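Report on the following structure.
Because the structure is a prediction, the values reported are computed rather than measured. Atoms considered below: every heavy atom in the structure, side chains included; atoms not considered: hydrogens, waters and symmetry mates. Numbers restart at 1 for each chain; the letters A, B, ... are given by sequence-line order, proteins then strands.
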Amino acid sequence: MATTALAAPRSPYARQKITRSNFELYSWMFMRVSGVILIALIFAHLFVNLMVGEGVKAIDFGFVAGKWASPFWQIWDLLMLWLAMIHGTNGVRTIINDYAERDGTRLVLKLLLYVAFTIVVVLGTLVIFTFDPCPADAPAELLASFCTA
Amino acid sequence: MPSAPAGTLYRGHEGMWSWVAHRVTGVLIFFFLLVHVLDTALVRVSPEAYNAVIGTYQTPIMGLGEAGLVAAIVYHAFNGIRIILVDFWTKGPKYQRVMLWVVVGGTVVTMAGFLPRHLMNVFGGGH
C-alpha cells in the first residue's frame, strides 16, 4: 500500500539562535563551583601558614620544602593555583567587559590578563613539580632538617 | 556601546554595596595572587633569594597588609556563599539583606579569631 506523504501545514517554528555558545553559562557555573572548593582550599592554606605555630614568622625555605616534600600539599597547592587563577581571571574578565567601553581597550586589557594568567599558571605549576627541597649547593642551616638527617 | 542609564531601581542599599565590595575584594585578592605565585617561585632560584623576600612579609607594615588581605578573602568567601544562596535557594532573594549581615558578622567573628594570633606573631617579641 502506498503511503501518501503529507506536507506539514506550515514550516515548523525554528527558534532563532542568538548566541554562539553557552560559554557565559558555564563561566557563571564555574565561579560558583570553584568558589566553594576554593573556600576549603584557601581557609586551610591560611590556617596552616598563618595560624599554626609562629604563623608568618615561621615561613622560610625550609617550611616550604617541608610542605612540598609531600604529594598531599603539592596537589593541594596545584589545585589552589589552577582554580584560583581561573576564578580570578574570569572575575577580572567580567569586570573588564563591564567597564572598558571601547573595543580596543577591552581587547588590550584582556590580552594582558590572559598573558599574565598563562605566565603565572605555567610558572607556578613548573615550580611545584620541579622543586628540590634539598638543593646540593645550599648552606645546610637554610634547609629543612630532613635534608641533613 | 551605550552608556548606562542615570538611575535604576536597585541602586544603593545592601544589594549594591555588597556587590561593589565583592568586586573590590576580588580584584585585590587577584593581584595579590599574581605577586604571591611569583614570590613563591623564588624557592626555585635559591633558599637565600626566597628567605630574603619572604622576610619582607614578616615586617609590621606587611603584617598589617596581610590582616587586610585575610579580611578581604574572608568577606569574599562568605559573600560568595550568600551569592550562591541567592541564586540557588528559593528563599535566597527574600533573605539576601539578612544574609549580608550574617556575612558581615561572620567576617567580624572570623577576624576576631585571626587578628590577635596574627598580630602577636607579627609584633610579638621572642625572635
Side-chain angles (χ1 to χ4, degrees), chain A residues 28 31-33 35-36 38-40 42-43 46-47 50-65 68 77 80-81 84-85 87-89 91-92 94-95 98 100-103 106 113 116-117 119-121 123-124 126-128 130-133 135 137-139 141-143, chain B residues 1-4 22-38 40-52 54-55 57-59 62-63 66-67 69-70 73-74 76-81 83-84 87-88 110 113-114 117-124 126-127:
Chain A
W28 177 90
M31 292 310 261
R32 279 140 189 86
V33 174
V36 170
L38 279 166
I39 292 176
I42 292 176
F43 275 36
L46 291 175
F47 188 82
L50 297 181
M51 290 285 282
V52 173
E54 290 176 337
V56 70
K57 279 275 169 83
I59 302 177
D60 59 8
F61 183 87
F63 177 87
V64 179
W68 283 352
D77 286 0
M80 202 160 54
L81 170 74
M85 279 304 292
H87 186 104
T89 301
V92 174
T94 306
I95 292 176
D98 275 358
E101 296 196 1
R102 289 176 50 214
D103 287 353
R106 274 204 308 284
L113 177 68
F117 169 84
I119 292 176
V120 168
V121 167
L123 179 74
L126 283 176
V127 166
I128 291 176
T130 65
F131 174 67
D132 177 6
D137 52 346
E141 69 269 19
L142 296 181
L143 300 181
Chain B
M1 204 190 247
S3 293
H22 201 76
R23 290 206 150 179
V24 172
T25 52
V27 170
L28 202 92
I29 297 162
F30 181 69
F31 280 106
F32 170 76
L33 175 61
L34 297 183
V35 176
H36 186 49
V37 174
L38 295 179
T40 306
L42 287 172
V43 293
R44 200 66 189 76
V45 175
S46 75
E48 290 90 343
Y50 180 76
N51 287 352
I54 208 67
Y57 278 86
Q58 296 158 0
T59 58
M62 288 296 274
E66 286 141 22
L69 177 74
V70 170
I73 292 171
V74 172
H76 197 87
F78 289 169
N79 193 53
I81 297 175
I83 293 173
I84 291 172
D87 286 344
F88 291 108
T110 308
F114 172 73
R117 177 94 196 172
H118 178 65
L119 294 178
M120 255 160 54
N121 283 330
V122 172
F123 292 98
H127 288 280

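- When heavy atoms are compared at a cutoff of 4.5 Å, A:V92 approaches chain B solely by way of its side chain, counted from C-beta outward.
- Only the backbone of A:V52 comes within contact range of chain B, judged by heavy atoms closer than 4.5 Å.
- B:I84 CD1 to A:I39 CD1: the interatomic distance, rounded to the nearest 0.5 Å, is 6.5 Å.
- Nearest heavy-atom pair across B:V37 and A:G124 is CG1-CA, 3.9 Å.
- Of the residues considered (B:H118, B:Q58, B:H76), B:Q58 shows the highest number of contacts with chain A, using heavy-atom pairs under 4.5 Å.
- Contacts with chain B were tallied for A:L126, A:I59, A:L81; A:I59 has the most, counting heavy-atom pairs under 4.5 Å.
- Within the 3.5 Å criterion, the main-chain N or O of A:T130 finds a donor-acceptor partner in the side chain of B:R44.
- Contact of B:E66 with chain A is made through the side chain alone, with heavy-atom distances under 4.5 Å.
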Are B:V74 and A:F43 close enough, and set up right, to give a side chain to side chain contact (heavy atoms under 4.5 Å, CB included), and what steps lead you there?
-> CA-CA 8 Å; B:V74 172; A:F43 275 36; 4.3 Å; yes

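- Taking chain B as the reference chain and counting heavy-atom pairs below 4.5 Å, the highest number among A:V64, A:I95, A:L123, A:L50 is found for A:I95.
- Contacts between B:F114 and chain A at a heavy-atom distance below 4.5 Å involve backbone atoms as well as side-chain atoms.
- Under the 4.5 Å side-chain criterion, counting only non-hydrogen atoms from C-beta, B:M62 is not in contact with A:V56.
- Between the side chain of B:N51 and the backbone N or O of A:F61 there is at least one donor-acceptor pair closer than 3.5 Å.
- For chain B, the option among A:D137, A:D77, A:T89, A:V36 with the highest count of heavy-atom pairs below 4.5 Å is A:T89.
- Using a 4.5 Å cut-off between heavy atoms, A:M31 does not touch chain B at all.
- Contact of A:V120 with chain B is made through backbone and side chain together, with heavy-atom distances under 4.5 Å.
- The aromatic rings of A:W28 and B:F88 sit tilted, their planes meeting at an angle between 30° and 60°.
- No side-chain heavy atom of B:S46 sits less than 4.5 Å from a side-chain heavy atom of A:P135.
- Heavy atoms of A:L143 lying under 4.5 Å from chain B belong exclusively to its side chain.
- At a 4.5 Å heavy-atom cutoff, the contact between A:L46 and chain B is made by side-chain atoms alone.
- Checked by atom type and distance alone, the side chain of B:R117 pairs as donor or acceptor with a backbone atom of A:M51 at under 3.5 Å.
- Annotation for B:G124 and A:K57: closest pair O-NZ, 4.3 Å, computed over non-hydrogen atoms.
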